[in-house]
Number of protein chains: 2
Amino acid sequence: MAAKQKSRPTYAEIAKLAGVSEATVSRVLNGDTKVDTDRIAAVNLAVEKLGYKKHRAAAALASGRTGLIAVVIDDDLSVFQDPFWGAITNGISRVLMEHEMQTLLLVAPLEKLDSPVAQYLQRGEVDGAIFLQLHKDSLIKLLAKQNLPLVVNGTPHTSNPFSYVDSDNAGGAFAAVRHLVEKGRKTIAMITGDLDNTAAEQRLDGYLAACQELGLPKVKGLVAEGDWSREAGIQHAQNLMQKHPDLDAIFCSNDVMALGAIAAILEAGKSVPEDIAVIGFDDSYLAQNSHPGLTSVRQDIVGLGMEAANMILALVHGDEVHSEILPCELVIRETA
Amino acid sequence: MAAKQKSRPTYAEIAKLAGVSEATVSRVLNGDTKVDTDRIAAVNLAVEKLGYKKHRAAAALASGRTGLIAVVIDDDLSVFQDPFWGAITNGISRVLMEHEMQTLLLVAPLEKLDSPVAQYLQRGEVDGAIFLQLHKDSLIKLLAKQNLPLVVNGTPHTSNPFSYVDSDNAGGAFAAVRHLVEKGRKTIAMITGDLDNTAAEQRLDGYLAACQELGLPKVKGLVAEGDWSREAGIQHAQNLMQKHPDLDAIFCSNDVMALGAIAAILEAGKSVPEDIAVIGFDDSYLAQNSHPGLTSVRQDIVGLGMEAANMILALVHGDEVHSEILPCELVIRETA
DNA sequence: GCTTTTCGTGAAAGCGATTTCACGAAACCG
DNA sequence: CGGTTTCGTGAAATCGCTTTCACGAAAAGC
């Protein structure tokens, strides 16, 4: 049924060939240092000669460690279209593979604490888990309590003790606003993402901090809460233009809304960036292929993935880790 | 080191509670029908009561079946940005999960036959593999020879005996051209993808077939071979406009090139779709968020994934399968 | 009605690693 | 220099499930 292999070598054969016991083979292969140097060499030689590779299932059964790290994706429909998780998973996978660990993909709705995925994770079938697109903390808390090594992508809402990786959303937003100011823009609006989301919140914080520190006059009504959608971009851009005739820049919390805003601006007979400059966030495919080219804040998504993987490896290994914030970079194109 | 569980129930406990032997428990849990009905019920009841879940590693060790299906992604850099594989992997993952199988992600360069991934696959650590973005057939052939159940996404180059899933690329292209003709377009050019790629080839075939069947006059030089990039779209659109002043439509083999073409057309002072209509392929994020809205051929990517998963399940189960071609759908927006 | 199949079942032998435990040798101690 | 530790090592138990095998009972065949 399964593929037939020319039966793989086992510890028994290595032990015989190297003239040691199976226990010693295990010690060598698991990096136990308290083994005679000659024996280590002998075992390694035998391993080499036989082309031996560990049988994962057997190792997992005996040791309780599976060599698997789950990448958990909270599945709502938006996920299908968003290249973000592809990139981050890619980064994770590379790092894990280098360390002989495998990436197990778990895509499922996580709303319930007793969902199949939740149960699966509690069952010890993976050595650790990396959560992407986290909406609620409850499951994580539960798992953390059970000592499952965990890393979260994105800053958690509550100040919980779990480690996370995130982009410097505030810093990226700050850089965007600074760029606009340097270009002489005076009335800079922002269309935020869904503010339930910590990333959206942080980007708003960065915008507000920049406005303050760079001495922009405080104007009411320049911040509009969007929901990441193109429609929100269009709608809010229209409103903003109407309410603020002197509006000369809009910073959007993602590229989709930025493109929506640009469409609305052009529709209104104004030009980008001459009349109104626009900056997006993510430097997605969209920004790179839009016309005119969208200036946007780039996150190092693959880097986030690699960092997350390194953290989980450390945790599994029993080391302490601290959360990581990766810098963002402003990519300047034509719209600002 | 690994998470500590309150020790899970085992066959021993189920057997005792149900008053049968462990062998019978195994039979029931693996769907062996030749067991007394009462005993089946008793076992199921015990399983329920104890909240038992099979220990995968143990089952894998004993049976040689791992319950894992590898999703293999040939890793070149473009993968990072392309939402395609995220969507298809998502489709795969859902179906597998429903069948208690797990999705193992393998992202790595596959150029060599002795790469780590290649070795891994040959080692029987997965029950089957689904290949995405296949560039060369050699590895697949090797694995097929070793009886590893395989499904490929995309039509293979050579007519090999492995099963595959693909979109009806030719049909999609045909529909695009037909739409253009129905809109009264007379001089329809095509910018293809990299023609080493079977999808690009099939889309070209569809275009050519449509031209012929719909009675378009044969004009030399209306087909330009691109490479999927925005730059190719720009460049070829410029050339085409120059060589064919009466050009009134361009069909592109993907959305990225279509957006490039549109940029070039606008740059040349012409309008879309009034002067020149443009249709892309993929109905990606880009098409949905572009301005003006890009008419594009949609593939059912998640459907491809689900189909691939069903096929691999059948193969693992020992059933025969036949390759699947899923229909494409033209999504009409503003550019054509 | 007696032999031959078939059928359901449990005992027990793996699957291939890991890990505990005990033992002899070497190193350390006072 | 006797005695206690430490150290490297192998034998053997173990992980939890699957599967073969043999056996008694029931069904079928003559």
Side-chain angles (χ1 to χ4, degrees), chain A residues 1-43 46-47 50-68 100 123-125 127 316, chain B residues 1-43 46-47 50-68 100 123-125 127 316:
Chain A
M1 207 145 283
K4 268 149 214 157
Q5 322 296 133
K6 29 198 173 233
S7 69
R8 306 167 45 171
T10 67
Y11 274 19
E13 293 166 52
I14 298 176
K16 193 185 298 175
L17 187 55
V20 302
S21 72
E22 293 188 32
T24 296
V25 174
S26 176
R27 290 189 184 104
V28 173
L29 265 51
N30 291 310
D32 189 330
T33 49
K34 301 176 181 177
V35 178
D36 184 88
T37 325
D38 292 350
R39 289 185 145 105
I40 295 182
V43 169
V47 165
L50 296 172
Y52 173 83
K53 297 285 178 198
K54 222 185 275 208
H55 189 298
R56 287 180 161 260
L61 177 57
S63 70
R65 280 173 254 111
T66 58
L68 296 175
E100 313 252 84
R123 226 180 296 145
E125 309 232 2
D127 293 347
V316 168
Chain B
M1 209 146 283
K4 267 150 216 159
Q5 321 296 130
K6 29 197 174 243
S7 68
R8 307 166 45 168
T10 66
Y11 274 17
E13 294 166 51
I14 299 176
K16 193 185 299 175
L17 187 56
V20 300
S21 72
E22 294 188 30
T24 296
V25 174
S26 175
R27 289 188 185 105
V28 172
L29 265 53
N30 292 310
D32 190 330
T33 50
K34 302 176 181 176
V35 178
D36 184 87
T37 326
D38 292 348
R39 288 189 147 110
I40 295 182
V43 169
V47 164
L50 296 171
Y52 173 84
K53 296 285 177 198
K54 222 185 274 208
H55 188 299
R56 285 177 162 264
L61 177 57
S63 70
R65 281 173 255 111
T66 58
L68 297 175
E100 312 254 82
R123 229 180 293 145
E125 309 232 1
D127 293 347
V316 168

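The chains referred to below are lettered A, B, ... by the order of the sequence lines, with proteins before strands, and numbering in each begins at 1.
For B:Ala46 against B:Ile14, the heavy-atom pair with the smallest separation is CB-CG2, 3.9 Å.
Nucleotide D:dC15 holds its C1' atom 17 Å from the CZ atom of B:Arg56, rounded to whole Å. Distance A:Ile14 CD1 to C:dA17 C1': 11 Å, rounded to the nearest Å. Rounding to whole angstrom units, OH of residue B:Tyr11 and C1' of D:dT19 are separated by 11 Å. In this structure, CZ of A:Arg65 is placed 10 Å from C1' of C:dT19, rounded to the nearest angstrom. Spacing between atom CD of B:Glu125 and atom C1' of C:dG16 amounts to 12 Å, rounded to whole angstrom units. Rounded to a whole Å, the CZ atom of B:Arg8 is 8 Å from the P atom of D:dG16.
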* Asked: Tell me, for nucleotides 5-15 of chain C in 5' to 3' order, what letter each nucleotide earns: B for a base near a protein heavy atom under 4.0 Å, S for only sugar-phosphate near one, - for neither?
  -> ---SBBB--BB

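For the atom pair CD1 of A:Ile40 and CG of A:Leu29, the computed distance is 11.0 Å after rounding to the nearest 0.5 Å. Taking CD of A:Glu13 as the reference point, atom OG1 of A:Thr10 lies at 4.5 Å (rounded to 0.5 Å). The CZ atom of B:Arg123 lies 6.0 Å from the CZ atom of A:Arg8; values are rounded to the nearest 0.5 Å.
Every pair passing salt bridge (charged side-chain N to carboxylate O under 4.0 Å, His left out) that includes a residue from residues 51-64 of chain B is listed here, sequence neighbours excluded: A:Glu125-B:Arg56.
With a 4.5 Å cut-off on side-chain heavy atoms, A:His55 and B:Leu61 count as touching.
For A:Ser26 and C:dT18, the shortest distance from a side-chain N or O to OP1 or OP2 is below 4.0 Å.
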